[in-house]
Amino acid sequence: MLASCTPPNSGKDLPVSPGPTEKSAQDTADTEPAVVTPGPALTLEFSAQYIRTDGYDEKRSYPAATLITSADELKAYYDAYKGSFDLESRQSDGADTNFYDAMQKYGSAYFKNNCLALVVLEEPSGSNRHKVVRVDSDADKLKISIERIVAMIGTDDMAQWHIIIELPLTAAEKELRVSLTGTEPLNNNKSF
């Protein structure tokens, strides 16, 4: 498992790692390599699926995100959360898949060159939807930007969503960050 990922059942989906301490070239000349200033962020191509998986895990704070780098990690995630979320039924009208069915296409062949970011969101209305608008990568961070789409008139039900984001394997070596914005943001615009 990569250092930037945590096991899905650890209860800590987002790693927190301190950034590098910058030192002058003279301070580091004899003891350690100099810190290189990262270049500009690169926008990655991605594909996203949005699956309503109502349920709740009181040990988690929302939004939550996890990087998955193997079929075994995906199975472990499913096993860890199938009791907390409804990962097997189609929750929304017209849904063409559920989480369990969606994960079947991600076998060992997929993970040779790719990884998944799983983002779990909680909404105060089942009418709210989401759209991943971009995924940026720099030297050490992966930033996923998600827009909340809030209905003019919403239903009075809580909803949890799993967003499955397909990414190149190089993204798994980064610290994961998610930025959530929208017309009526939860806790204002939230970034974690």
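Count residues from 1 along the sequence.
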So, do [X] and [Y] sit near enough that their side-chain heavy atoms are less than 4.5 Å apart?
X      : Y      : result
Glu166 : Lys105 : yes
Tyr106 : Asn114 : no
His130 : Arg148 : yes
Lys82  : Leu87  : yes
Phe99  : Leu118 : yes
Arg129 : Tyr50  : no
Leu121 : Asn128 : no

Atom pair [atom1]/[atom2] of [X] and [Y] - distance to nearest 0.5 Å:
X      : Y      : atom1 : atom2 : value
Ile51  : Phe85  : CD1   : CZ    : 13.0 Å
Lys174 : Asp140 : NZ    : CG    : 7.5 Å
Leu44  : Ile165 : CG    : CD1   : 11.0 Å
Leu176 : Thr66  : CG    : OG1   : 8.0 Å
Asn98  : Arg52  : CG    : CZ    : 14.0 Å

- Would Val178 and Val133 show up in the same hydrophobic cluster when neighbours are defined by side-chain heavy atoms closer than 4.5 Å? no
- Query: Would a distance-only check, ignoring hydrogens and angles, find a side-chain to backbone donor-acceptor pair under 3.5 Å from Tyr110 to Cys115?
  - Reply: yes
- Is Asp54 reaching over with its side chain to a backbone N or O of Gln160, donor-acceptor style, under 3.5 angstrom? yes
- Message: Other residues, nucleotides and ligands only: do more than 12 of their heavy atoms fall within 6.0 Å of OH on Tyr78?
- Response: yes
- Message: Does Gln104, at its CD atom, have more than 12 non-hydrogen atoms belonging to other residues, nucleotides or ligands within less than 6.0 Å?
- Response: yes
- Query: Listed by chain and number, what are the side-chain contact (heavy atoms from CB on, under 4.5 Å) partners of Thr43, not counting sequence neighbours?
  - Reply: Arg134, Asp136
Looking only at heavy atoms, which two atoms of [X] and [Y] are closest? And how far apart?
X      : Y      : answer
Ala171 : Leu67  : O-CD1, 4.1 Å
Lys143 : Ser179 : CE-CB, 3.5 Å
Thr97  : Ala102 : OG1-N, 3.5 Å
Ala117 : Ile144 : CB-CD1, 3.7 Å

- Item | Result of checking Leu74, Val119, Ile68, Leu116 against Ile164 for side chain to side chain contact (heavy atoms under 4.5 Å, CB included) | Leu116
